[in-house]
Amino acid sequence: MRRDWIVAADMEYHPFRYRLAGHCLIPGLMRVARSPPKSTCNQKQTFDAKGCQERIHQLLGNMGRIILPCVSRTARTIASIGAAVIVGLSSTAPSRAQNEASSGERCLAANSDVSLGAQLPRTAARLRSGAPLKIVAIGSSSTVGLWVLRSAATYPEVMRRELSRLRSNATIDVINSGRVGDTIPNNIARFERDVFAHTPDLVIWQLGTNDVAWGGRPDQGLKRNVIEGVRALKAGSADVVLMDLQYAPQVLASAGYSTMEDIIIDVAKQERVGLFSRFALMRNSVSAGVAQSALVTWDGLHNTADGYDCIGRALARAISTSAR
């Protein structure tokens, strides 16, 4: 059963939608969100402010009593979300050193020649005609934008702003259909409701990470799923761009990541759809001297705000080039 969890605005976290599928912690977390401690902690306070600390400690205690009974995949998923709530309570991102603040720009500089490897005819036609361009981004927590405090910092919204800057006469609408914890079969099961219902001109499908990061072994059956999913998207007349795995420690530690990468690359070539390789983008950046910690959060999997920024802007530039 589908449930939508919205972090409460009174917790000083911008209302942000995390789509989850029947996790046992949702009712409990909502109770915590609706009953904040009396001490206040807003985005103008520092992390070491007394009231902020008290609030976080109480929240941790409440969440601990809820989280402990849950196990396996649910616990992994909600652990990430719970930590995101705590980050939202403490503050927005702390002030960063000058070199860290420029990591997004250095990431872009290391990937100035990103190509999707395919044309986007419907996207190009919409941009040429001046008709509104509708983009749907579907995927998992990377699409949701886990760990950033504002929807404006997610890669789909960064992409929209950059594409609007590059195509100043265009009207661009982006729908974020990410859902935390989704695998490839989960994504495909949502196509009708979360993709086709929006009649998109372009679909960005971020896929594969959760199919390997938690011990999964991709096989030919999963490859057939990807092929079927791409063909279903194409049948709706939308242009399609696949986004592969992130270059991050937890992905690299998985036994199946290289097989998953090969599947995504092979399907993109076979079906003649675009491929945006964030794996290559992040690897190129690290090779160019950008610290991995500037692009990947402490969990070793999700992107930082700079990471999402680089991905969104690089993707927008690649879309603009492929839509000429």
Side-chain angles (χ1 to χ4, degrees), residues 76 80 96 99-117 137-148 153-156 158-159 162 178 180-184 187 204-218 222 226 241-269 274-319:
R76 287 195 302 268
S80 294
R96 298 178 293 179
N99 64 333
E100 188 180 1
S102 65
S103 58
E105 292 295 337
R106 290 187 287 128
C107 171
L108 280 172
N111 294 278
S112 58
D113 59 347
V114 174
S115 171
L116 300 179
I138 186 165
S140 57
S141 51
S142 293
T143 299
V144 170
L146 197 61
W147 296 123
V148 295
T154 65
Y155 100 73
V158 172
M159 173 191 68
E162 180 70 0
V180 176
D182 259 15
T183 60
I184 288 168
N187 286 161
I204 313 296
W205 185 11
Q206 171 259 310
L207 71 165
T209 297
N210 287 328
D211 299 271
V212 299
W214 311 114
R217 299 295 182 109
L222 189 60
V226 178
V241 173
L242 301 183
M243 180 186 292
D244 63 359
L245 317 180
Q246 57 267 58
Y247 184 76
Q250 192 164 326
V251 170
L252 298 175
S254 66
Y257 86 86
S258 59
T259 302
M260 190 74 252
E261 278 289 308
D262 289 342
I263 286 173
I264 296 171
I265 292 168
D266 289 348
V267 172
K269 289 180 179 177
L275 171 65
F276 178 78
S277 180
R278 60 176 170 161
F279 189 92
L281 176 140
M282 294 173 68
R283 182 177 56 192
N284 291 345
S285 301
V286 171
S287 297
V290 178
Q292 191 171 62
S293 60
L295 302 177
V296 181
T297 61
W298 62 269
D299 68 358
L301 184 62
H302 296 95
N303 285 113
T304 61
D306 281 332
Y308 288 129
D309 181 72
C310 181
I311 289 167
R313 291 164 70 188
L315 176 56
R317 296 176 187 188
I319 289 172

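In this structure a side-chain-to-backbone donor-acceptor pair under 3.5 Å is missing from N284 to N111. A donor-acceptor pair under 3.5 Å is formed between the side chain of N303 and the backbone N or O of L295.
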>> side-chain contact (heavy atoms from CB on, under 4.5 Å) for L116 and I319? Distances and angles first, verdict last.
In response: CA-CA 7 Å; L116 300 179; I319 289 172; 4.1 Å; yes
> Should Y308 and M159 be marked as a side-chain contact (heavy atoms from CB on, under 4.5 Å) after you check the CA-CA gap, both sets of side-chain angles, and the distance that decides it?
Replying inline: CA-CA 9 Å; Y308 288 129; M159 173 191 68; over 6 Å; no
>> I'd like to know whether S140 forms a side-chain contact (heavy atoms from CB on, under 4.5 Å) with Q206, so could you lay out the CA-CA distance, the side-chain angles of the two residues, the decisive distance to 0.1 Å, and finally the verdict.
In response: CA-CA 7 Å; S140 57; Q206 171 259 310; 3.0 Å; yes
>> Please determine whether side-chain contact (heavy atoms from CB on, under 4.5 Å) holds for the pair C310 and L281, giving the CA-CA distance in whole Å, both sets of side-chain angles, and the decisive distance to 0.1 Å.
In response: CA-CA 9 Å; C310 181; L281 176 140; 3.8 Å; yes
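For the side-chain contact (heavy atoms from CB on, under 4.5 Å) test, residues two or more places apart in sequence or in another chain that qualify with S141 are L146, V180, H302. With sequence neighbours left out, the side-chain hydrogen bond (donor to acceptor under 3.5 Å, both in side chains) criterion links D309 to R313. Looking at residues two or more places apart in sequence or on another chain, you find no side-chain hydrogen bond (donor to acceptor under 3.5 Å, both in side chains) involving R283. Residues passing the side-chain hydrogen bond (donor to acceptor under 3.5 Å, both in side chains) test with N187 are D182, W205, sequence neighbours excluded. Not counting sequence neighbours, the partners of T297 by the side-chain hydrogen bond (donor to acceptor under 3.5 Å, both in side chains) test are D299.
Using a 4.5 Å heavy-atom cutoff, the side chains of V212 and P218 are in contact. Between Q246 and I311 there is no side-chain heavy-atom pair separated by less than 4.5 Å. Using a 4.5 Å heavy-atom threshold, the side chains of L301 and V251 count as touching.
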Table please: side-chain donor-acceptor pairs of residues 255-267 below 3.5 Å, with sequence neighbours left out.
| unit_1 | atom_1 | unit_2 | atom_2 | d |
| --- | --- | --- | --- | --- |
| E261 | OE2 | L245 | N | 3.2 |

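Nearest approach of G300 to A248, heavy atoms of both residues: O-CB, 3.4 Å. Between C107 and S285, the closest heavy-atom pair is SG-OG, 3.1 Å. Considering all non-hydrogen atoms of both residues, A137 and Y155 come closest at CB-OH, 3.6 Å. Of all the heavy atoms in T143 and G139, the pair that sits closest is OG1-CA, 3.6 Å.
Between the side chains of T183 and N210, no donor N or O sits under 3.5 Å from an acceptor N or O.
The line from CG of L108 to OG of S103 is 10.0 Å long, rounded to the nearest 0.5 Å. Between Q292 atom CD and L252 atom CG the span is 7.0 Å, to the nearest 0.5 Å. M243 CE to S142 OG: the interatomic distance, rounded to the nearest 0.5 Å, is 8.0 Å.
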